[in-house]
Amino acid sequence: QAFPLPSLPRKQPTVLVVCGPAQNGAIGLVCARHLRSFDYEPTIFYPKRSPDPLYRDFTTQCEKMDIPFLSYLPTEVQLINDAYNAVVDAVLGAEAEVAEGTEPCAAILATLKHIRIPIVSLDVPSGWAAEAGGSGDISPDVLVSLAAPKECARRFLGRQHFVAGRFLPYDVQRKFELNPPEYPGTECVVAL
Amino acid sequence: QEEAQAIDQELFTEYKFSVDQLMELAGLSCATAIAKAYPPSSFTTSQPAVLVVCGPGNNGGDGLVCARHLKMFGYQPTVYYPKRPSKPLFEGLTTQCKKMDIPFLPEFPAEAAFIDELYGLVVDAIFGFSFKGAVREPFGSILSTLERVTVPIASIDIPSGWDVEKGKADGLQPDMLISLTAPKKAAMHFTGRYHFLGGRFVPPVLQEKYALNLPVYPGTDCVLQLT
């Protein structure tokens, strides 16, 4: 919705999906697969693969759909800016504390801080969750909060904020006083 | 029928999709298609009440997922699920529905007229594309009752009781059919108002391999209206 196919600046609808080692990365893998069926051309960078069988199957599904997996992330940012229309940041989620400072996440985030094409962060901008606020953080253009916005989403200053993951039962919403926005019709995302 | 089973097998063994994944996407498609054809505002009952009849296999599982999403879309689903496989997948889906306050009927309404009174729509999630042979009870009597119901029936993948390839002229005549993955041969005998395609998960390579010639889904929609 944020980057419809006709709006993309590059000739090919390429998207780089950067996946971290845990659940946020796995969500990125599923996202890449659906992007492919929406006729985008995703490429995945997934340096530290989870041993979880479910996540390993997500990887197989992507491979069998001819989604390429990069063997390394260029440190030369211009290469990324030139090759892709957008980057999906599925590196770290809300649970990340220790992982943020360790490789390869630290190096990935260091590179992503300098790219100029739009970044779409899944659930939380990677690296934001652990800090109270930092000048060295990545600045996503789009944030997709999963189930409900997280605390650090308050600091989000990008162009579009979506809530996605329309699966919270009503009593869970009430119990945690989530007051989620109303999803239109049968949509599974809503723009805030 | 064999081709549909072969595609399924390939999705599970080669592509490593789990039954859970595909069932979730299938059930979501069904709920989405239903919401497009029968929006809550179109119901003449005071609440958009839907009866979801779930069979003993995967089609029933699709029905449970569909019921849960219908609830999220603002409908009031009620489930009848007489034969429940004791597998974690189905037990999980049942729990998810119950925890979302979706009632499970202890018995099937005795008369078609009761169904017409209480519900604006029936979802037929009894038998799917693996169905072969004779209909075992209690589904025989359930289908006889459903054949006399006047509110619309939406069948998941195959109208229950139909031969998967040849149909059944004197069987259930649903108003809506949601074909999953690709329409089955029986769909040629479908005479209802709405035919939707759902289950947008078949990788392009597989579509080519089986010459499915699927039409293009609009945008990011998970359903496509065929008629």
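So you know, we letter chains A, B, ... as the sequences are listed, proteins then strands, and number each from 1.
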Is it the case that over 12 heavy atoms from other parts of the model lie below 6.0 angstrom from the CD atom of B:E24?
yes
For the atom pair CD (A:Q61) and CD (B:E14), what is the distance rounded to the nearest 0.5 Å?
12.5 Å
Side chain / backbone / both / neither for A:L168 at chain B, heavy atoms under 4.5 Å
backbone
Options A:M65, A:R166, A:H34, ranked by heavy-atom pairs under 4.5 Å with chain B, top entry
A:R166
Determine, stepwise, if the pair B:Y15 / A:R33 fulfils side chain to side chain contact (heavy atoms under 4.5 Å, CB included).
CA-CA 12 Å; B:Y15 285 76; A:R33 173 166 41 86; over 6 Å; no
Take atom CD of A:E63 as the centre, draw a 6.0 Å sphere, and report whether it contains more than 12 heavy atoms from other residues, nucleotides or ligands.
yes
One should read off an interatomic distance between B:T220 OG1 and A:L35 CG, to the nearest 0.5 angstrom, of 10.5 Å
Find the distance between NZ (B:K16) and SG (A:C62) and round it off to the nearest 0.5 Å.
15.0 Å
For B:L70, which atoms come within 4.5 Å of any heavy atom of chain A: side chain, backbone, both, or neither?
neither
Please round to the nearest 0.5 Å and tell me the distance separating atom CE of B:M72 and atom CZ of A:F167.
9.0 Å
Chain B interface, residue from A:D66, A:D57, A:D171, A:T59 that has the most non-hydrogen pairs under 4.5 Å
A:D57
For A:F58, is it the side chain, the backbone, both or neither that has a heavy atom under 4.5 Å from a heavy atom of chain B?
side chain
Does any heavy atom of chain B fall under 4.5 Å from the side chain of A:E182, the backbone, both, or neither of them?
neither
Decide yes or no for B:P204 and A:R36: does some side-chain heavy atom of the first lie under 4.5 Å from some side-chain heavy atom of the second?
yes
Is the NZ atom of B:K185 crowded by more than 12 outside heavy atoms at less than 6.0 Å?
no
Nearest 0.5 angstrom please: A:L54 CG to B:Q21 CD, how far?
6.5 Å
Under 4.5 Å from any heavy atom of chain A - which part of B:K71:
both
Take B:R200 and A:F38, measure what side chain to side chain contact (heavy atoms under 4.5 Å, CB included) needs, and give me the verdict at the end.
CA-CA 10 Å; B:R200 185 178 181 174; A:F38 294 162; 3.5 Å; yes
